[in-house]
J.: 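Before we start, here is the structure in question, set down as structure tokens.
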2 protein chains.
Amino acid sequence: MNRPTVIDIAREAGVSLATVDRVLNARPGVRAKTIAAVNEAIGRLGYVRDIAAANLARSRSYRMVVLLPDTESQFVQTLEEALREAAASAVTARMGVELIRFAAEDMHALAATLRRLAEEGCSGIALMAPETPVIRDALRALRGQGVPVVALVSDLPNSEPDHYVGIDSRAAGRTAGVLMGRFLGARPPKVMVIANSMHLRESIERRRGFDEVMLRDFPGVEVLQTLETHGSPTALRQVVTEILAAEGTVGGIYLLGSGLRALGRVLSERGLLGHPVIVGHELTPHSREALASGWLDAVIAQNAGHIARSTLRVLRAKADRLPIDESQERLRIEIILRENLPDQPL
Amino acid sequence: MNRPTVIDIAREAGVSLATVDRVLNARPGVRAKTIAAVNEAIGRLGYVRDIAAANLARSRSYRMVVLLPDTESQFVQTLEEALREAAASAVTARMGVELIRFAAEDMHALAATLRRLAEEGCSGIALMAPETPVIRDALRALRGQGVPVVALVSDLPNSEPDHYVGIDSRAAGRTAGVLMGRFLGARPPKVMVIANSMHLRESIERRRGFDEVMLRDFPGVEVLQTLETHGSPTALRQVVTEILAAEGTVGGIYLLGSGLRALGRVLSERGLLGHPVIVGHELTPHSREALASGWLDAVIAQNAGHIARSTLRVLRAKADRLPIDESQERLRIEIILRENLPDQPL
DNA sequence: GCATTTTTGAGGCACGTTCCTCATTTTGCG
DNA sequence: CGCAAAATGAGGAACGTGCCTCAAAAATGC
């Protein structure tokens, strides 16, 4: 038996092809009774629309825009590459993906870009940015126009995006906490926490999750105040040096954000490489190398390739008003040690 | 600018549409020179074949067969469900998926089934089974017929499958090893290892990886001989009881295969629940529950949903002789703790 | 019951391929 | 050079759907 087509539906429902078409595409001018009859026929025959044929006929193409901050962060770079790759294979599905890097500190410029996109029109937008009122309003406007908006990596709870692609930062922090606690072993029960900036949602959430677990499961461990580096390697060197001087040796270091390379240098200079337990976030060339050489103990990561593909799939589904396969789109909080480090994606 | 079509290629190469078609579909009867000219035009214009249109025109549908053992194992069951789900959404892509459970102990019957499939014809086969000579020959015959064969979860290195969907068992064992070693802390440096059967490739490989790491990084820990349960809860109870009597308390238990429920019962009866570090494999309802309640410390898993989707994608690509997106199909060795336990997929 | 509006039918072209057939041209070979 | 074989061209039908128009039928309001 072959798959039923619109023609079969028309015959089964006793209506014409045009009417079936109107029903399928929710066009006006059909009586409720007729709609019901058609839907019933669809159900009876188990009709599934041939999306390939539909898209071919529509000869519709999609313009998806992905906005990433222009920070130097290796993670963002990895993500950009993954998106570029996913975009390349999305051509097959008639999707054009534009990648835009915006000035991370200028939220007004970003809002202007969003407004421009709203004017020009596009089929979907994915955005990785902190949530500010300006951005929230711009996004609301876009959504009002029917443009699907996906929050990337960093959630935008108040802008009500159509979807969030990323992991729960709090849970990620909790995971970092257990690993730190259990890996500490007989080391001094004192842990340093280093962040780029505690103004970022994710940093705050990660630290919260981390503290939750440390307090609950490892009450004997002292977790020091978060040190901020603002992305500067020299600032990192300075705060780490100061703390080591003031607090003596620490058993572990939790790196909330970037700065792995700088941390490696400071530790190596002081002959500490390999001694304290180091837990960080995100799998990048640097963290991969640090894991392989053994001084980085664990990384809590989200799969950039998965994020990229999921983003495009979700945007596409939203643009087509199709449902989303939740189980496929759910991102896992990955724990990566030296032993389960995935092969280099050449 | 729109995407170029076959017509554009024909014009650019100065040949007819028919010739372009012959080249694109590798049909005979075209001179090497002409083929080169067409390919050059394709390169120049950046033509990408519209797969949707191609499949529509071919009106080809695929019959994929997935063969799973009829073992009671929760993992196989989870996998079956994931496959069923993936199959449901594959209908859209004109793929019909048949799931067959075969008698795990009767390899001759399985070989017969494979031969039958070869006769009936199908577009692809995925198989989860140990490699025996009979099976190897049956698979070779299938491959000779041009039917793509994918090894599922358990690799078939000597049958030269077109693809292997699963993780490296040795690396999985190594990962289990590090976690065990580091989690042991101050517990007695003695670890029990329990398997279903040491005749299975995966069990052997996992144990090897585990030993590698224990020897290298935790030389002070004594790893006991592997105990075999042959899938029987009573056998498990017996061997565990015996060992505990002979060896005294152990600091950790590494469960190579299934039997989590039975282990939980034994431990709970002896008041040991939560004391030794327990590391197991695969995320199933049981292991999920054990993780949540805290007595199971870590699970090394491969994502069943990913396996299922990847299998179908790969089979499809192989059937179409299309290249595979390696980075998308690479399975990760997942480490799952209570803190990063993914939400129940309702 | 009539005019008006709403709903439905019939048909055709388009989308980008695949896969035919049949005629025509080009090539290679003796 | 002539002939058979190979290569190419031209064209058309099909795949399942979208989207358009025009006319016909049915429902609605008065």
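Residue numbering restarts at 1 for every chain, and letters A, B, ... go by the order of the sequence lines.
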J.: Hey, is the main chain of A/M128 close enough, under 3.5 Å, to the side chain of A/S154 for a donor-acceptor pair?
T.: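 Judged by distance alone, no pair lies under 3.5 Å.
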J.: Please encode protein proximity along nucleotides 6-16 of chain D as a string of B, S and -, counting only heavy-atom distances under 4.0 Å.
T.: -SBBB----BB
J.: Separation of A/D21 atom CG from D/dT17 atom P, in whole Å?
T.: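 Rounding to the nearest Å, CG of A/D21 and P of D/dT17 are 10 Å apart.
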J.: May I ask you to check whether over 12 heavy atoms, not counting those of A/I7, lie within 6.0 Å of atom CD1?
T.: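 Atom CD1 in A/I7 is not crowded, with 12 or fewer foreign heavy atoms closer than 6.0 Å.
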J.: Any side-chain to backbone donor/acceptor pair from B/Q74 onto B/T284? Under 3.5 Å, distance only.
T.: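 Checking the backbone N and O of B/T284 against the side chain of B/Q74, no donor-acceptor pair under 3.5 Å is found.
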J.: Atom CD1 of B/I9 and atom P of C/dG16: how far apart are they, to the nearest Å?
T.: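 Interatomic distance, CD1 of B/I9 to P of C/dG16: 13 Å.
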J.: For the backbone of A/E329 and the side chain of A/R313, can you confirm whether one donor and one acceptor N or O come within less than 3.5 Å of each other?
T.: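 It does not hold such a pair.
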J.: Check A/L142, A/T113, A/L139 against A/L127 for a side-chain contact (heavy atoms from CB on, under 4.5 Å) and give me the one that passes.
T.: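 When side-chain contact (heavy atoms from CB on, under 4.5 Å) is applied between A/L127 and each of A/L142, A/T113, A/L139, only A/L139 qualifies.
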